[in-house]
Structures are given as C-alpha cells and as structure tokens.
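Data block below; observations after.
The first residue in the sequence is number 1, and the count goes up from there. Both backbone and side-chain heavy atoms feed into the values below; hydrogens, waters and symmetry mates do not.
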Amino acid sequence: MVKKDLLLISVFISVIALWYFVVTLWQPTASIMVDAQPYRPILWFISLAALAIPLSLYLTDTQFKSLPNDRKILLLGLAFLTTSMVHSLRCFIDTQFFFFLTTIVYFVRHRQYRKPTWEYWFVVSYIVWNLITLLWTPDLRFGFKYARNFIPMLAYPLMFLSFTLTSDELNGLLKLFWRVALMAVLLSFLSGIYEITVLRTPVSELFHLRITMLKDNIIDVNGVEQYTCNMLYGWSGNGHPSYNALWAVAASISGFYLLRRRLITYVEYLFGFFSLLALQFSAQSRIGIVMLILSFLAAFFYLLNAKANSKVKANAIAISLLAVVFLLFLTYKPTFLSAYHNDVARSIIWDSAIQVIRLKPLTGTGLGGTTQQYVTSLLGHPWPGLYFENIYAHNQFLGDWMQSGVVGFILSIAIVILTFVMSVRRRSYTAFAYTLAILLFMFIEMPLRFIQGTTLITFFLCLFLHKTQSPKELS
C-alpha cells in the first residue's frame with residue numbers, strides 16, 4: 001500500500017513539474033481570468049473530465065457494481081453531488097437537481113421516510129423568522145434574493161431522511177470526495193502555474209503570504225491585476241478562497257475518518273493534508289489555513305484516546321505538522337500575524353454593524369436590508385475597499401442580529417450549539433470537527449448569506465451526521 005501511495009504521489013508531483021515545463025516553453029498569452037468567456041466551455045470539459053477520474057473509480061468498484069439497481073441510482077445521485085462540491089456554483093446547482101431526482105425515485109420505490117429531528121425545526125424557525133422580517137425590510141428585492149439561499153438548509157435534511165446508507169456506502173462516498181479534493185488541488189496548481197506564466201511573473205508568487213487580502217495579494221503585471229485565488233481556482237470559475245476552504249476542510253476531516261478505518265494509509269493522509277494546506281497558503285486564505293490546522297488538532301486529540309500504537313503515530317504526525325507550521329511562521333511571521341490583527345476593512349464593517357444593531361436591536365433592518373444601511377453609513381469613507389454593492393457584515397452572528405434582530409441572533413447561535421450537541425450524541429468526529437471549523441468561519445464571513453455557503457455546509461453536515469445501518473437492517 002505504501003509503495004502504491006508513493007507512486008501516486010510521484011505522479012502527482014510529476015504532472016505539476018511537467019506542466020510547468022510545458023507552459024514555460026509554450027509561453028501562453030491568453031489569460032483564463034481576463035478572457036474567461038471564450039475558454040469557459042473548454043475549461044469545464046477539462047476540469048469535469050479530470051474530476052470524472054475518481055468518480056469512475058468509485059462507479060467501477062466491485063462493491064458498487066454488486067448493489068441492487070435502485071441503490072445504484074440513489075448512490076449515483078449522491079456521487080455526482082459529492083464530486084461537484086469542489087467545482088463552481090453552477091455545477092453543484094445542476095447536480096443537486098439530479099440528486100433530488102434520484103432521491104425521489106428511490107423514495108417512490110421504497111416509501112420509507114424518517115421524521116425530522118427536533119433540531120431541524122430550529123433551522124425551520126430561523127428561516128421562517130427571517131422571512132417574516134421581509135415585512136419591514138427597506139430592500140425587498142434583495143431580501144427575496146437572500147431568502148432563496150435558504151433552500152439547501154430546508155431541502156438537504158429532508159432528502160437525507162428518505163434513505164439510509166450503510167457504513168460501507170458512506171465510506172465509499174467519503175473516499176470518493178477525498179480523491180476528488182486531491183484532484184481539485186492538482187487542477188488548482190496547474191491553473192495557477194498557467195496564469196502566472198501568462199502574467200510573466202515568477203511561480204514563487206503563488207507561495208507568498210501577504211499582509212492583507214484586499215490589495216497585496218494582487219499580482220500586477222503590465223497593468224493586469226489578478227488575485228492569486230482567482231488564478232488558482234480559474235479552472236472552476238469559483239475563485240473565493242474562503243468558500244473553497246469549506247470543501248478543503250471537509251476533505252481533511254474525511255481523510256482522517258478514512259485513515260481511522262484503514263481505508264487510506266498515513267502516507268496518503270499526510271500528503272493530502274499538506275497538499276490542501278499548501279493550496280490555502282497559495283490562495284491567501286487565512287481562514288482556510290486556520291480551519292485546516294484546527295481540524296488536524298481535533299484529529300490529534302481524538303487519537304489521544306486511541307490505543308498505544310495509534311498514539312505513537314499521532315505524535316509523529318503532530319510533530320511533523322508543528323515543524324512545518326513553525327517554519328512557515330518564521331518565514332511569514334511579520335505578514336501572517338498582521339493579517340489577523342490589522343484587517344482594517346472588517347473592523348470598519350463590524351463597527352458599523354454594531355451601530356445599526358444599537359438602533360434596531362429587537363427587529364433589525366429586515367432580511368436583505370443591511371446593504372442599504374452600509375451604503376448610507378460608509379458613504380464617503382476613505383477606505384477604498386468598502387465600495388461595492390453587495391457589502392455585508394462579514395460575521396454571521398452580527399449579520400443576523402443586524403438584519404433579523406435579537407430573535408435571529410439567538411436562533412443562529414442555537415443552531416450551532418445544537419449541531420455540536422448532535423455530533424457529540426452521535427459520536428461523530430467528522431461532524432464535530434466540521435462544526436468547529438464552521439463556527440470559526442462564521443466569525444469572519446456570513447456563509448448563510450450565499451448559496452455556496454448554505455449548500456456546502458448543509459450537505460457535509462448531513463453526510464457527517466448521517467446514521468448508517470447494516471445491510472440486513474435495510475433489507
């Protein structure tokens with residue numbers, strides 16, 4: 001197994017090296033990001049063909065082929081949806097319709113359905129209350145636009161209640177996602193090398209952590225401005241580093257889950273983890289770096305309760321991680337730490353949110369009404385990064401209090417706490433670690449404001465919290 005892993009790692013690195021050699025000789029001039037539209041169909045074909053490699057391995061596995069046809073149809077929808085989580089918004093919206101269709105077909109065939117847990121009704125209450133606040137929002141158009149992002153929060157849990165996976169089926173899906181995530185890392189570095197070559201900029205720019213995320217991570221060559229995250233994720237068209245970090249941390253957690261069940265080796269896990277970490281550094285995702293390290297530490301503390309042999313291996317992993325982090329800290333210490341303590345734009349936005357909350361602490365502005373408040377309060381502010389139409393609180397809890405009042409604030413906190421409780425009650429390391437990462441994410445972003453956030457978070461929590469059954473119980 002270790003020899004096989006080393007061979008795959010060698011192939012992974014060789015592909016990157018060979019691609020760098022090819023583009024260096026080729027010297028392309030057409031930027032994917034600047035001239036995206038003409039190349040978008042080609043990019044979609046290439047990226048989806050690459051992601052189809054791990055998907056085909058899953059579908060041709062003996063275990064999958066031995067399943068009844070109705071189970072194959074169900075798992076096919078889940079497999080496509082799982083694969084799409086690393087791609088663009090359009091891709092996973094399309095595949096979720098396919099997932100809904102296969103789930104409905106399975107439900108019609110078996111007529112089995114479990115009642116939602118009482119925790120689910122807190123999610124429903126949160127959404128209903130936000131919809132009620134549309135009655136007093138100053139921006140009804142944007143409020144309805146915001147409201148449609150709640151659909152995955154309602155739909156995914158209900159869909160997952162119409163079927164039950166066996167532990168082997170769940171393991172297969174998580175292994176598929178782990179492989180898909182590694183393929184996405186490979187595609188990202190290939191995309192980054194291509195773009196950096198077009199801009200005639202040293203490849204070392206992809207591995208330079210800068211002070212802020214607003215300006216200093218832009219590569220400016222010959223008047224062309226490019227964010228490094230856009231260059232890396234140009235293959236998918238979904239360039240936001242923070243939301244790409246959500247699938248990266250899910251992959252890291254899935255990898256540890258597979259490692260504990262001896263479905264992958266320590267060599268593969270370590271290589272995958274550090275590849276994901278390297279991608280977060282290159283994409284300038286501070287929250288991605290912290291969430292991945294946090295998920296790793298959660299895995300380490302989980303292993304402390306394991307048998308002695310596992311503890312030895314856990315110590316080896318922890319020491320190797322700390323060594324790498326320490327080296328990175330020495331290299332990037334002046335910029336890395338200041339990036340957290342001197343986030344000027346977020347500080348201004350948070351202060352403005354608190355001022356609005358003081359004015360309307362009970363009812364809030366109404367769903368979608370925060371943008372108008374920000375435009376009014378920040379108009380004429382000297383900081384240039386604050387002028388954009390879709391400005392928001394960049395903190396889920398502040399944002400909820402700002403737009404849906406104290407009720408929305410309390411419900412959002414309750415949902416996070418109850419998710420922690422469910423993960424502990426079901427003894428799910430994966431759900432606990434992912435909820436911990438989401439909680440951290442919510443302090444610097446508003447994932448429930450965007451369809452990418454609600455889709456990624458809800459899907460992975462449904463998968464990690466899913467109660468499996470034995471094949472005998474299903475029959």
Side-chain angles (χ1 to χ4, degrees), residues 78 81-82 84-100 103 116-117 119-131 133-134 142-161 177 236 238 240-250 287-288 291 367-368 370-371 390 392-400 402-404 408-409 411-420 422-423 431 434-466:
L78 268 169
L81 186 58
T82 303
S84 72
M85 287 295 147
V86 302
H87 210 281
S88 63
L89 170 63
R90 172 66 184 275
C91 186
F92 61 64
I93 285 179
D94 288 345
T95 54
Q96 76 181 359
F97 282 113
F98 181 61
F99 165 64
F100 291 159
T103 304
T117 61
E119 291 91 350
Y120 174 73
W121 297 111
F122 271 84
V123 177
V124 174
S125 300
Y126 170 83
I127 295 171
V128 169
W129 174 252
N130 273 276
L131 293 177
T133 65
L134 287 171
F142 194 77
F144 279 113
K145 183 180 177 182
Y146 193 129
R148 70 184 183 187
N149 297 329
F150 294 141
I151 293 174
M153 297 172 64
L154 287 172
Y156 279 126
L158 295 178
M159 289 295 170
F160 270 80
L161 290 172
F177 178 67
S236 69
N238 184 20
H240 200 298
S242 299
Y243 287 91
N244 278 288
L246 284 176
W247 64 253
V249 73
I287 189 64
M291 285 196 302
L367 188 66
T370 59
T371 300
N390 193 25
Y392 57 97
H394 282 79
N395 181 300
Q396 186 65 52
F397 306 112
L398 275 180
D400 279 324
M402 186 181 180
Q403 72 178 0
S404 54
F409 172 71
L411 286 171
S412 62
I413 292 177
I415 289 170
V416 174
I417 292 173
L418 289 173
T419 308
F420 273 119
M422 286 181 69
S423 63
Y434 198 58
T435 307
L436 194 62
I438 292 167
L439 176 61
L440 182 66
F441 189 80
M442 283 179 165
F443 283 116
I444 61 95
E445 264 294 338
M446 284 186 69
L448 304 187
R449 180 186 177 89
F450 300 101
I451 193 72
Q452 295 99 321
T454 54
T455 300
L456 287 163
I457 290 172
T458 309
F459 174 75
F460 284 117
L461 283 178
C462 285
L463 205 59
F464 293 153
L465 286 169
H466 190 75

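- With hydrogens and angles disregarded, no donor-acceptor distance shorter than 3.5 Å links the side chain of S412 to the backbone of F397.
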What verdict does the side-chain contact (heavy atoms from CB on, under 4.5 Å) test give for L246 and M85, after you've listed the backbone C-alpha separation in whole Å, the side-chain angles of each residue and the deciding distance to 0.1 Å?
CA-CA 10 Å; L246 284 176; M85 287 295 147; over 6 Å; no
Verdict with supporting geometry, I417 and F420, side-chain contact (heavy atoms from CB on, under 4.5 Å)
CA-CA 5 Å; I417 292 173; F420 273 119; 5.6 Å; no
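- Side-chain contact between E445 and H394: present, with at least one pair of heavy atoms (C-beta onward) separated by less than 4.5 Å.
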I would like to know whether T419 and I438 meet side-chain contact (heavy atoms from CB on, under 4.5 Å); could you show each step before the answer?
CA-CA 11 Å; T419 308; I438 292 167; over 6 Å; no
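- Between Y243 and F441, the gap from one ring centroid to the other is short of 6.0 Å.
- When every heavy atom of T133 is checked against every heavy atom of N130, the shortest pair comes out as OG1-O, 2.5 Å.
- Listed for the W129 side chain is a donor-acceptor partner under 3.5 Å among the backbone atoms of S404.
- To the nearest 0.5 Å, the span separating OG1 on T454 from CG on L448 amounts to 7.0 Å.
- Expressed to the nearest 0.5 Å, how far CZ of F98 lies from CG of L81 amounts to 10.5 Å.
- Inter-residue side-chain proximity for M159 and Q96 is flagged as unmet; no heavy-atom pair is nearer than 4.5 Å.
- Using a 4.5 Å heavy-atom threshold, the side chains of L131 and I127 count as touching.
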Verdict with supporting geometry, T103 and F160, side-chain contact (heavy atoms from CB on, under 4.5 Å)
CA-CA 8 Å; T103 304; F160 270 80; over 6 Å; no
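- Minimum heavy-atom separation, P447 to M442: CG-CG, 3.9 Å.
- Classification of the Y434-F460 ring pair by plane angle, with boundaries at 30° and 60°, yields perpendicular.
- Between the CG atom in L418 and the CD atom in E119 there is a gap of 5.5 Å [rounded to 0.5 Å].
- Listed here is the closest heavy atom pair of P157 and P152: CD-O, 3.7 Å.
- Scored by the ring-ring contact (aromatic ring centres under 6.0 Å, His included) test, F150 finds Y126, Y146 as partners (sequence neighbours excluded).
- Rounded to the nearest 0.5 angstrom, T458 OG1 and Y156 OH are separated by 8.0 Å.
- Between Y120 and L154, the closest heavy-atom pair is OH-O, 2.9 Å.
- Under the 3.5 Å distance criterion, the side-chain polar atoms of N395 are matched with a main-chain donor or acceptor of F443.
- Taking each heavy atom of Q396 and R449 in turn, the nearest pair found is OE1-N, 4.3 Å.
- A distance of 6.0 Å separates CG of L78 from CZ of F459, quoted to the nearest 0.5 Å.
- Remark: M153 CE to I415 CD1 distance equals 5.0 Å, nearest 0.5 Å.
- The minimum heavy-atom distance between P116 and L161, with the atom names listed, is CA-CD1, 3.5 Å.
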